[in-house]
Amino acid sequence: MNWQAVLSIYRYEMNRTFRTLAQSIVSPVLSTVLYFVVFGTAIGQRIDTVDGIPYGAFIVPGLVMLTLLQQSVTNASFGIYFPKFIGTIYELLSAPISFIEIVIGYVGAAATKALMIAAIILITSTFFVDLTIAHPVFMIMFLVLTSVSFALMGFIIGIWAGNFEQLQLIPLLVITPLVFLGGAFYSITMLPPGWQAVSLFNPVVYLISGFRWSFFGLADVPVGLSILAISVFLAACLTAIWWIFRSGWRIKP
Amino acid sequence: MAAIISIQDLAKTYEGGFEALKGVSLEIEEGEILALLGPNGAGKTTLISIICGLVSPSSGSVSVGGHDILHAYRAAREMIGLVPQEITIEPFEKVINTVRFSRGLFGKRRDDAHIEKVLRALSLWDKRDSRNRELSGGMKRRVLIAKALSHEPRVLFLDEPTAGVDVTLRREMWELVRQLRAEGVTIILTTHYIEEAEEMADRIGVIDHGRLLLVEEKAKLLHQLGRKELVLELTEPLPELPSPLEGFELQRSEDGMRLVYEFDAHAESTGMTRLLGAVAEAKLSLKDLTTQQSSLEDVFLTLVEEGRTGK
Ligand SMILES: Nc1ncnc2c1ncn2[C@@H]1O[C@H](COP(=O)(O)OP(=O)(O)OP(=O)(O)O)[C@@H](O)[C@H]1O
Ligand SMILES: [Mg+2]
């Protein structure tokens, strides 16, 4: 392993993040505050508690997940798309590094940034609601696994994308709806049975359920299933990336 | 001298079926400066890109320092520095960080002294804290060179290093290339400019349409260039060579109006006096007498022309 290279990519990417840190943080924090105001305050007056948890606190894990997913995907997809777009990818391809090192560097940096922002949002939310975390170790595990696997997915999107529109297409068209329909702001047990069944096909349901369980000890689906789901997703992304680099798809003519 | 890069029957067909390289074999010797000369679309960049890992070969093999570029890519690439043809540079980063980054990618420890040396050699030291986008085109190209030199490569590829570079800078660049060669670095450069190849290279390779038409020591090429032609235009057609002119290896044109004598301008005796004596003896009447010298450009154009007509 060329760890020096991994570290260089990671540092370079983090450097890029810190250059635009203010923008990177302001917008997710602002939208989280808005969500609290709209969902927590407006809806919270009608829904008092969900499964015995105050509504304001109930939506926190969903909000954190929403931001974590969006951030992981966009950071990673932009991180690799940019060198491809401006041509500096030549340097990665001509360096004595394997795809594993490239991926660790880029995905690691994207996941780190997403986790930083998730942490900021979690801290912001404590200004609005009282939070207790029942299983902190699992909480961190869920955060890390989720950010890494979605950063991997973002990496794939970044390699696939041929223009900036395509780059934004998936996060906008797929991730955000899946999160909203994935029980970020409600428990899927609140849905009619038919929709509950449909929801089980939404992978994000397993993420949010498991993550929420780490806070309140309550879950829509068994926790084991959540961990399994995210592991399968992680494995699928890794396989796709392995194939991309082996075949040179969209990077090597 | 031993070959540091060995290319065997290398071919590349791009997706869509275009054959950019049609079986190129070439040995590049350690420590030499090789200039690859060829018109637009000849396949120069494709050749370099395959060696450096940017393009996958369709068939054939390449080894660098004895390491196969596919199976031992790490060892092979560690030896190589690449300056691409297009200026591709991260616009928002500082010059020094971009150069440090390249060194890191090649697995080398941070070495500020070396980076300083490289930046100074390229007159970029004063610009080290500027953002890349604040640089002029020529400076950006030098940053690319600095990046390629940051990890102390033993082989340096310069893909049209002097395109868009002013005369002074070009001189400086050539100076740098010579200095690198003195340090033992093998240099492969591509160019459209024959003078550049003439000025810099130890050997010159001519590529066109994906084929290597020739690789020759520059000195030898120049020797061939030393050849001159004496053209004798006659007032009357000459059906056959008169006997005094036999033994001069004269070429007679089809209509018999012209005789061409080839000689080495650098040679002690060109044989010209004898020839003229013989012409007088044969009582030929001359209309005109000219000498022509072929330039590297002529050689190049002839080669490319021959390559195209499939000769
Ligand atoms: N990615 C690609 N896909 C398809 N064809 C390509 C690709 N890259 C290059 N080609 C084609 O291959 C041929 C050789 O291109 P190459 O860039 O190697 O030429 P070159 O000798 O470097 O030319 P120049 O002097 O203009 O830089 C050209 O006809 C070009 O159109
Ligand atoms: Mg080229």
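Note that these values count all heavy atoms, side chains included, but never hydrogens, waters or copies made by symmetry. Each chain gets a letter, A, B and so on, in the order its sequence line appears, and its residues count up from 1.
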- [ ] Tell me yes or no: between the side chains of B/Thr186 and B/Glu30, is some donor less than 3.5 Å from an acceptor?
- [x] no

Task: Heavy-atom donor-acceptor pair, A/Lys84 side chain to A/Ile159 backbone, under 3.5 Å - done: yes

- [ ] Kindly say whether A/His135 contributes a backbone atom to a donor-acceptor pair with the side chain of A/Ser214 at under 3.5 angstrom?
- [x] no

TODO: Spell out, as yes or no, whether a donor-acceptor pair under 3.5 Å connects the side chain of B/Lys44 to the backbone of B/Ile207.
DONE: no

Open item on the list: Main chain of B/Lys94, side chain of B/Thr98: is a donor-acceptor contact present, judged purely on distance under 3.5 Å?
Closed with: yes

TODO: Indicate whether the side chain of B/Asp111 and that of B/His114 have a donor and an acceptor atom separated by less than 3.5 Å.
DONE: no

Task: Heavy-atom contact with chain A under 4.5 Å, split by part of B/Glu86 - done: neither

- [ ] Below 4.5 Å from any heavy atom of chain A, which atoms of B/Leu54 appear? Answer side chain, backbone, both or neither.
- [x] both

- [ ] Go through B/Ala148, B/Ser102, B/Ala76 and name the one with the most non-hydrogen pairs under 4.5 angstrom from chain A.
- [x] B/Ser102

TODO: Pick whichever of B/Arg103, B/Glu15, B/Lys108 has the most heavy-atom pairs under 4.5 Å with chain A.
DONE: B/Lys108

Task: Greatest number of heavy atom pairs closer than 4.5 Å to chain A - which of B/Phe106, B/Tyr73, B/Phe92 - done: B/Phe106

Task: Segment of A/Arg11 engaging chain B (4.5 angstrom heavy-atom cut-off) - done: neither

Task: chain B interface, residue from A/Ala5, A/Pro253, A/Ser8, A/Pro96 that has the most non-hydrogen pairs under 4.5 Å - done: A/Pro96

Task: Winner by heavy-atom pair count (cut-off under 4.5 Å) against chain A, out of B/Arg74, B/Arg109, B/Lys12 - done: B/Arg74

